[in-house]
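Read the structure below first, then the notes.
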2 protein chains.
Amino acid sequence: MPKLPPLNALRAFEAAARHEGFIGAAEELHVTRGAVSRHVKLLEEHLGVPLFRRHAQGVSLTEAGRRLMPVLTESFARIAREADRIASDALDLHIICPPATSIRWLLPRLDGFRDRHPEIRVRLTTDFHCDTKFDGLEYDLGFSIENQPTRAPNIAVQGLFDVRMSPACSPAYLASHPLARPEDLAQADLLHETPRHGDWTDWLATFPVAGVDPAQGHDFANLDLATRAAVMGAGVVMADMVLCRDELEAGTLVLPFPEMVSGSPLGGICLLGMADKWELPKVRVFRDWVAEQAAG
Amino acid sequence: MPKLPPLNALRAFEAAARHEGFIGAAEELHVTRGAVSRHVKLLEEHLGVPLFRRHAQGVSLTEAGRRLMPVLTESFARIAREADRIASDALDLHIICPPATSIRWLLPRLDGFRDRHPEIRVRLTTDFHCDTKFDGLEYDLGFSIENQPTRAPNIAVQGLFDVRMSPACSPAYLASHPLARPEDLAQADLLHETPRHGDWTDWLATFPVAGVDPAQGHDFANLDLATRAAVMGAGVVMADMVLCRDELEAGTLVLPFPEMVSGSPLGGICLLGMADKWELPKVRVFRDWVAEQAAG
DNA sequence: ACCTTGGATCAGATTACCTGATCCATGATA
DNA sequence: TATCATGGATCAGGTAATCTGATCCAAGGT
C-alpha cells in the first residue's frame, strides 16, 4: 500500500520546483521562504532523497525532484480544475421540474428570465420524481404538484397556481365522437400520463360520472405527450387549464364540458426550496420572477 | 487561475467517499470521526456545495461529490505511487563510475557483490564526468581518478589503487612495428581516449622521449574502446596496469617497455562519497567490498 | 573587496487540528 | 411501540504542526 507524503509539503515543493526557487513559491503560497524551506526539507526527509540542488541563485531539481514534479503539477492542476468547476456550478441556480410543467410552461418563459438576469445561469433538470428527489442538495428549487402544504420544517414552499383540470380533445375528435353529455366519456378514448395515472380518477372524484372507467384508454410517459396526442385527435386528455392554455386559445383543443373544471382538490403547482437558501439572491430573484409569470 | 482547496480536507473527503462513511475514513487516517466530519464540512464550505448526503447509516455522495471523488482517488494514488518509487530508489546504492573502470573492472566483479549482499540493490551509472557530476545528491558513491587528494570538506575519499600506465599493443602490431627503443614510438599509431586526452602527455612527462607527438594517432570515446582497438592491432594504447590485467595476462596485449610504468603522479582510482553518508551500512559495506577487490 | 541574492536555521508566536465527550436522527430489534 | 445500536454533528479545550521574522551563510556579480 503506497503511502501519501505530507500533502502541504508536496504543494510547497511543487510550487518551489515551478518557480525554481523558494522565494517565488513563498509568494505564491503567501508564506515566508523559511516555511517553504522547511516544507521541502520535511519532504526530502520523508522520501529519503534530496529533491533540490541548492546553489547561490535559486535551486534546481535533482533526478528525484524531476520525477516527482510533473506528477504533482498535473495532479494538483486536475484537482484544482475540478474543484473550481464544482464550486462555480454551485453559483448556478439548479432547478428540477416535472416534464409537462417544464416543457409547456417553464421552458418557453425561461429565456425571459435569462434576459432579465443574465448573471444567473439557470440549470434545469426535467424529471418526474421531483418531490421525492428534492432534498435541497442537488437542486436549489424544485417545482412540485402538492395538495398537502405540510412538509419538513426545513423545506420552504411557495404556491404558484392551482391545478384546474377538464377533459379536452381536438375539434376533429369531438366531431367524430359526440360528447354531448359527460356520460358519453364512457365511449371515449381516455389519454393518461403513466407515472401518476391519477388525473382522470381525481377529476371523476370531483365530478362523478356513471359508467366511465378511469383505467380505460392510452398511456403516455408524461402529460405533455398525452396532450399532444389529444391535439392529433387520439382521444380525450385530462388537460391542465394553465399548461394547455396555448392549445385552448388556438382552438387546437376544445373543452366539451367547459363548466366542469376541477379546482384545488387536485392540488397546486408550487416551488420547493431549502429554508436556509430561501432568501439567497439567486433564489429570491427566481422565485419573484416565477410568481410574476404565474400571475400574468 | 484555479485555486486548490485545503489538501488535508480533500484527503479526508476522499477517504470518506471511498469508505462510504466517516468512521472507516477516520480509521484509515488514524484520527477520530469528528476530525473527518470537520474536514469534510470545511471542504463543503470551501466549494459551496454539499458533497455527501447524510443518512442514518453512513453517507452517500451527491452529484458534486461523485464528480470530485475519482479525480482525488486517481491523483492521490498517482502521487503516492511515484513518491513510493522515489523513496524506495533512495534505499538503493547509486554509484557513478567512468566508462573504462566500469566496464573493465567494476562490472565484472559486481555480481560477486550482489551474491554477498543480495539485500542491496546496486544501480550503476557509467558516465565520464564523474568527479564534476559527483555531488552526493544523485549518487551515493562515485569512482574518480584523482591526483589531488584534497576536496570539499563534506566529501570523503577512499583510495583504491594507483594508476600505473605503460604503452601496450598487440603482439602482431609489435611484430610489424618494431618498438625496440622508446624513440620508435614517434612512428607508432598512438591510441587516445578523447575526453581526457592526457594519458600520453602525462606518461611522457614522467618518461620524456624525444620526437614523440602526444597528439598524433587515433581518438576513441573512452579508454576501453582504445584498449580494444589496441588488442585488434590498431596501435599503441596507454594501458592501465589494473584495467588491462586480463589482456596482459592472456598475452593479447604486451608491454614493449615493461620497465617504463608510470606511478602515482598520474593519480589513483578512489571512491568519493558524502561525509555524512560515509558510514551508512549500504555505503560502508560497498566500500569494504571495493577495497577488498582492489587489494586482491 | 564589497554587495546582492537566495537558502538555512532557530526561538517564539500562531494557527490549525485533533480529541473525547455529548447530542441527535434513523433504522433495527424485541 | 419502546429500546438499542449505528453513525454523523458539534463543541470546548489541549496539542502539535506551521508560520514568522530575525539572523546567518555561501556564492556570484560588480
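The structure displayed is predicted, hence computed values, not measured ones. Chain letters run A, B, ... following the sequence lines, proteins first and then strands; every chain starts at 1.
- The residues A:Glu28 and A:Arg18 are annotated as salt-bridged, a charged nitrogen and a carboxylate oxygen being separated by less than 4.0 angstrom.
- At whole-Å resolution of the value, NE2 in A:His46 and P in D:dA17 are 14 Å apart.
- Applying the ring pair (Phe, Tyr, Trp, His ring centres under 6.0 Å) definition to pairs two or more places apart or across chains, none involves residues 30-51 of chain B.
- For the segment residues 19-30 of chain A, the set of residues with a heavy atom within less than 4.0 Å of an atom of DNA chain C comprises A:Gly21, A:Phe22, A:Ile23, in numerical order.
- In this structure A:Ser88 satisfies the side-chain hydrogen bond (donor to acceptor under 3.5 Å, both in side chains) test with no other residue, sequence neighbours excluded.
- Here C:dG7 is the nucleotide among D:dA9, C:dG7, C:dC18 with the atom lying nearest to any side-chain atom of A:Arg33.
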List, one per line, each side-chain donor-acceptor pair under 3.5 Å for residues 93-103 of chain B, sequence neighbours excluded.
| from | atom 1 | to | atom 2 | distance (Å) |
| --- | --- | --- | --- | --- |
| B:His94 | NE2 | B:Asp89 | O | 3.0 |
| B:Ser102 | OG | B:Thr126 | OG1 | 2.8 |

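- Qualifying side-chain hydrogen bond (donor to acceptor under 3.5 Å, both in side chains) partners for B:Arg33, counting only residues two or more places apart in sequence or in other chains: none.
- The distance from atom CZ of B:Arg53 to atom P of D:dG7 is 19 Å, rounded to the nearest whole Å.
- Taking the salt bridge (Lys or Arg N to Asp or Glu O under 4.0 Å) definition, one finds that A:Arg85 meets it with A:Glu82, sequence neighbours left out.
- As rounded to whole Å, 14 Å separates atom C1' of C:dT15 from atom CG of B:Asn8.
- Rounded to whole Å, the distance from CZ on A:Arg38 to P on C:dA13 is 16 Å.
- Residue A:Lys41 places at least one side-chain N or O under 4.0 Å from the OP1 or OP2 atom of C:dT9.
- We find that NE2 of A:His39 is positioned 13 Å from C1' of D:dT20, with the value rounded to whole Å.
- Residues satisfying the salt bridge (Lys or Arg N to Asp or Glu O under 4.0 Å) test with B:Glu44, not counting sequence neighbours, are B:Arg54.
- B:Glu74 meets the salt bridge (Lys or Arg N to Asp or Glu O under 4.0 Å) test with A:Arg78; sequence neighbours excluded.
- Between the C1' atom of C:dA16 and the CZ atom of A:Arg11 lies a distance of 13 Å, rounded to the nearest Å.
- Set against D:dT20, D:dT10, C:dC18, the side chain of A:Thr32 has D:dT20 as its closest nucleotide.
- A heavy atom closer than 4.0 Å to some atom of DNA chain D occurs in A:Ala56, these being the qualifying members of residues 54-72 of chain A.
- Residues meeting the side-chain hydrogen bond (donor to acceptor under 3.5 Å, both in side chains) test with A:Ser60, sequence neighbours left out: A:His55.
- Protein atom CG of B:Leu51 is 15 Å distant from nucleotide atom P of D:dG8, rounded to whole Å.
- The distance between atom CG of B:Leu42 and atom P of C:dC18, rounded to the nearest whole Å, is 11 Å.
- In terms of the side-chain contact (heavy atoms from CB on, under 4.5 Å) criterion, residue partners of B:Glu279 (sequence neighbours excluded) are, by chain and number, B:Arg284, B:Arg287.
- Using cut-offs of 30° and 60° for the angle between ring planes, the A:Phe13 and A:Phe52 rings count as tilted.
- End-to-end axis angle of the helix from C:dA1-D:dT30 to C:dA30-D:dT1, using five pairs per end and rounding to 10°, comes to 30°.
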